[in-house]
Student: 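To start, I am sharing the structure in question, which I have written as structure tokens.
As a basis for the values below, the full set of heavy atoms in this structure was taken, side chains included, without hydrogen atoms, waters or symmetry mates. None of these values were measured; they are calculated from a predicted model.
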Amino acid sequence: MCIRDRLSTAWSYDLGYTFLRDRAVRFSLADDESHRDRPQTAHTVFANAYYQAGLSENVDYTLGFGAEYVGHNQREEAENAAAKDFDFNDTSVYALNTLTFDDRLSFTGGLRFVDARDDFRNQNIVLYDLGAAYTLTGGTTVRVNRSTGYGRNKGFIYFFGPIEEAGGAPLTESETTEVGIGQVFRDGSGATRGEIELSVFRTDYENAPTFSGWGDAVVYTNDTRAEGIELSADWRPVSSVRVFGSFAYVDTEVQSTTDPSGGGVGSTAVPVPNRSAALGLDWQMTQKLRVETIATYDKGMRTESVDISTGDVTVTERDDYTRWNLAAYYEYSPRLTFLVRGENLLNDKDLGFSSTTEGPGGTTNEDLVAQDPGRYVSVGLQYRW
């Protein structure tokens with residue numbers, strides 16, 4: 001549920017609450033039995049305010065600020081194992097400022113303060129976002145951005161690592177630098193018909209938990225680097241149809257580790273797909289009915305594991321993964337809209353369902369423990385005033 005309102009020409013706000021409950025069931029093909037039954041619930045409460053004003057004839061200013069609370073609970077009910085129950089609670093406040101000159105040059109700067117708590121530790125971090133963009137004559141925009149972020153590996157605590165004795169797994173912090181160039185296409189009347197953008201990026205991750213040290217009351221962490229490119233395109237051939245798509249390539253490598261053996265350094269064992277693509281269509285079928293569909297494709301995660309003692313490299317290729325989503329919006333009146341959305345309608349398997357490994361010992365094929373993500377359907381009601 002979300003409420004948005006405009007208080008004046010300068011001020012607006014939104015606030016809302018979401019509740020999510022799902023159940024992750026992991027099934028082993030080899031054993032033909034379920035290994036994990038993990039109910040999950042998440043509560044999110046947020047409130048944001050926005051201010052827009054012209055400081056002078058050629059200078060515009062935008063301010064956004066707000067707060068968010070996310071409460072997440074995970075339980076595990078596995079056969080022949082004790083039940084586990086963990087809470088994760090993140091509270092944050094932020095402010096984001098943008099100055100725009102002559103509708104061509106813009107500067108953005110923001111800060112976010114995060115209080116992250118779980119059953120083992122309390123961590124506080126400060127995140128930032130800095131950026132600049134310039135639009136050339138002809139609709140070409142060049143931009144640069146540098147930002148930080150954080151993440152949790154909630155699933156890490158469900159394995160054998162002695163998390164409690166080690167004081168819990170630390171937050172994984174990231175720093176990203178991105179440079180992009182975009183081009184807008186217009187028709188004879190000046191209306192925008194399409195846009196294409198290409199960007200390159202590098203992200204450095206610190207304190208990513210690793211599974212070394214099982215049974216040693218130690219949580220080892222890795223520092224990892226990810227580099228890649230992203231290409232996105234958006235085209236409106238006619239006023240009622242919008243076609244959009246994207247492609248991304250990511251290359252990762254473990255830079256360093258707190259594991260005294262040095263194991264893993266030089267490897268690319270990072271759980272992200274190396275290549276991803278998406279294609280979507282937005283169609284205003286009638287004056288009241290709009291349909292949107294998108295299909296995404298992830299090329300199975302490719303990892304390279306380096307044996308530091310021998311220099312041997314083992315390459316593992318995971319299966320591909322395809323997801324198809326479909327949504328429909330019916331505008332009953334200018335104020336009231338009904339919507340329905342279906343996700344993963346093909347109910348395809350996820351990354352890691354099976355793999356092929358090539359290394360010094362030859363080539364092997366393996367059926368891994370698989371998680372069926374399942375279909376997801378939601379209905380909603382939107383009211384505008």
Side-chain angles (χ1 to χ4, degrees), residues 1-18 43-70 90-115 125-149 176 178 180-186 189-195 197 199 232 234 236 239 242 244 282 284 290 292 329 331-337 339 380-385:
M1 180 183 71
C2 179
I3 297 174
R4 296 185 176 92
D5 197 8
R6 178 167 290 279
L7 302 176
S8 66
T9 56
W11 285 96
S12 60
Y13 73 89
D14 61 50
L15 54 90
Y17 166 78
T18 62
H43 303 266
T44 302
V45 181
F46 62 89
N48 304 294
Y50 311 95
Y51 175 76
Q52 292 179 299
L55 301 183
S56 68
E57 183 178 353
N58 300 319
V59 181
D60 295 319
Y61 173 67
T62 301
L63 167 66
F65 60 92
E68 181 183 65
Y69 168 79
V70 180
D90 293 1
T91 304
S92 63
V93 295
Y94 82 95
L96 183 66
N97 304 269
T98 302
L99 278 173
T100 304
F101 301 86
D102 295 321
D103 291 328
R104 285 183 176 271
L105 177 64
S106 65
F107 297 96
T108 300
L111 289 175
R112 179 180 291 268
F113 300 88
V114 181
D115 178 63
I125 59 174
V126 179
L127 309 176
Y128 69 83
D129 190 330
L130 298 173
Y134 183 72
T135 301
L136 306 171
T137 302
T140 303
T141 299
V142 181
R143 62 177 177 83
V144 60
N145 180 263
R146 189 170 180 85
S147 62
T148 55
T176 300
E178 184 174 7
I181 183 170
Q183 177 66 53
V184 173
F185 302 96
R186 295 183 172 88
S189 66
T192 300
R193 305 297 291 183
E195 181 177 3
E197 182 175 54
S199 62
S232 63
D234 194 305
R236 192 176 290 276
S239 59
R242 171 176 163 258
F244 53 94
D282 191 318
Q284 189 72 46
R290 181 171 69 89
E292 182 181 76
Y329 306 83
E331 187 177 294
Y332 180 77
S333 71
R335 295 181 181 272
L336 189 63
T337 299
L339 58 98
L381 179 66
Q382 183 183 73
Y383 182 76
R384 295 179 292 271
W385 67 88

Student: Heavy atoms, side chains only, cut-off 4.5 Å: are Leu130 and Tyr128 in contact?
Tutor: yes
Student: Using the test ring pair (Phe, Tyr, Trp, His ring centres under 6.0 Å), find all partners of Tyr51 that sit at least two apart in sequence or belong to another chain.
Tutor: Trp11
Student: Any chance you could measure Asp102, atom CG, to Thr135, atom OG1, to the nearest 0.5 Å?
Tutor: 11.0 Å
Student: Taking the side chain as everything from C-beta on, heavy atoms only, tell me whether Asp115 gets closer than 4.5 Å to Asp90.
Tutor: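 SC-SC contact between Asp115 and Asp90 ruled out.
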Student: What is the minimum heavy-atom distance between Val93 and Ala67, and which atoms define it?
Tutor: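 Heavy-atom minimum between the residues: CG1-CB, 3.9 Å.
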Student: As a quick check of understanding, evaluate side-chain hydrogen bond (donor to acceptor under 3.5 Å, both in side chains) for Tyr13 and Asn48, giving each step before the final call.
Tutor: CA-CA 6 Å; Tyr13 73 89; Asn48 304 294; over 6 Å; no
Student: Could you give me the CA-CA distance, side-chain angles and deciding distance for Asp129 and Tyr94, then say whether side-chain hydrogen bond (donor to acceptor under 3.5 Å, both in side chains) is met?
Tutor: CA-CA 11 Å; Asp129 190 330; Tyr94 82 95; over 6 Å; no
Student: So how far is it from Asp234 CG to Phe244 CZ, rounded to the nearest 0.5 Å?
Tutor: 7.5 Å
Student: So does Thr9 get a backbone contact from the side chain of Arg6, meaning a donor-acceptor N/O pair under 3.5 Å?
Tutor: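 Answer holds: yes.
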Student: Taking only distance into account, with no hydrogens and no angle test, what donor-acceptor pairs under 3.5 Å do side-chain atoms of residues 105-112 form with protein atoms, sequence neighbours excluded?
Tutor:
from: Thr108; atom 1: OG1; to: Thr98; atom 2: OG1; distance (Å): 3.4
from: Arg112; atom 1: NH1; to: Ser92; atom 2: OG; distance (Å): 2.9

Student: For the pair Asp14 and Cys2, evaluate side chain to side chain contact (heavy atoms under 4.5 Å, CB included) and give the outcome as yes or no after the intermediate values.
Tutor: CA-CA 7 Å; Asp14 61 50; Cys2 179; 4.3 Å; yes
Student: When you look at CZ of Arg384, are more than 12 heavy atoms from neighbouring residues, nucleotides or ligands closer to it than 6.0 Å?
Tutor: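 Result for CZ/Arg384: enclosed.
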Student: Taking the six-membered ring of Phe185, is the NZ or CZ of Arg193 close enough (under 6.0 Å from the centre) and on axis enough (within 45°)?
Tutor: no
Student: If you measure from CD on Gln52 to OG1 on Thr100, what distance do you get to the nearest 0.5 Å?
Tutor: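 One finds 9.5 Å between CD of Gln52 and OG1 of Thr100.
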Student: So which atom in Ala133 and which in Thr141 form the shortest heavy-atom distance, rounded to 0.1 Å?
Tutor: CB-CG2, 4.3 Å
Student: One pair to check against side chain to side chain contact (heavy atoms under 4.5 Å, CB included): Asp282 and Arg290. What are the steps and the verdict?
Tutor: CA-CA 7 Å; Asp282 191 318; Arg290 181 171 69 89; 2.7 Å; yes
Student: Distance under 6.0 Å and angle within 45° of the ring axis: does Arg104 meet both against Phe101?
Tutor: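 Cation-pi check for Arg104 and Phe101: fails.
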Student: State, yes or no, whether a side-chain contact exists between Phe65 and Leu96 at a heavy-atom distance under 4.5 Å.
Tutor: no
Student: Under the side chain to side chain contact (heavy atoms under 4.5 Å, CB included) criterion, do Tyr61 and Asn97 qualify, and how do the steps go?
Tutor: CA-CA 7 Å; Tyr61 173 67; Asn97 304 269; 2.5 Å; yes
Student: With the side chain counted from C-beta on, respond yes when Val59 and Leu99 share a heavy-atom pair under 4.5 Å apart, and no when they do not.
Tutor: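 Yes, side chains in contact.
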Student: Rounded to the nearest 0.5 Å, how far apart are OH of Tyr50 and CZ of Arg4?
Tutor: 7.5 Å
Student: Would a 4.5 Å heavy-atom cut-off, applied to side chains only, mark Arg143 and Ser199 as touching?
Tutor: yes
Student: Between Gln183 and Gly138 (side chain of the first, backbone of the second, donor and acceptor by atom type, cut-off under 3.5 Å), is there such a pair?
Tutor: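 At least one qualifying donor-acceptor pair exists.
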Student: What's the verdict on side chain to side chain contact (heavy atoms under 4.5 Å, CB included) for His43 and Val45, showing C-alpha distance, side-chain angles and the deciding distance?
Tutor: CA-CA 7 Å; His43 303 266; Val45 181; 5.7 Å; no
Student: Mind checking the CD-CD spacing from Gln284 to Glu331? Nearest 0.5 Å is all I need.
Tutor: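 Nearest 0.5 Å value for the CD-CD distance: 8.0 Å.
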Student: Do the side chain of Thr192 and the main chain of Gly194 share a donor and acceptor less than 3.5 angstrom apart?
Tutor: no
Student: How close do Leu127 and Thr148 get, counting heavy atoms only, and between which atoms?
Tutor: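 In terms of heavy atoms, the two residues are closest at CA-OG1, 3.2 Å.
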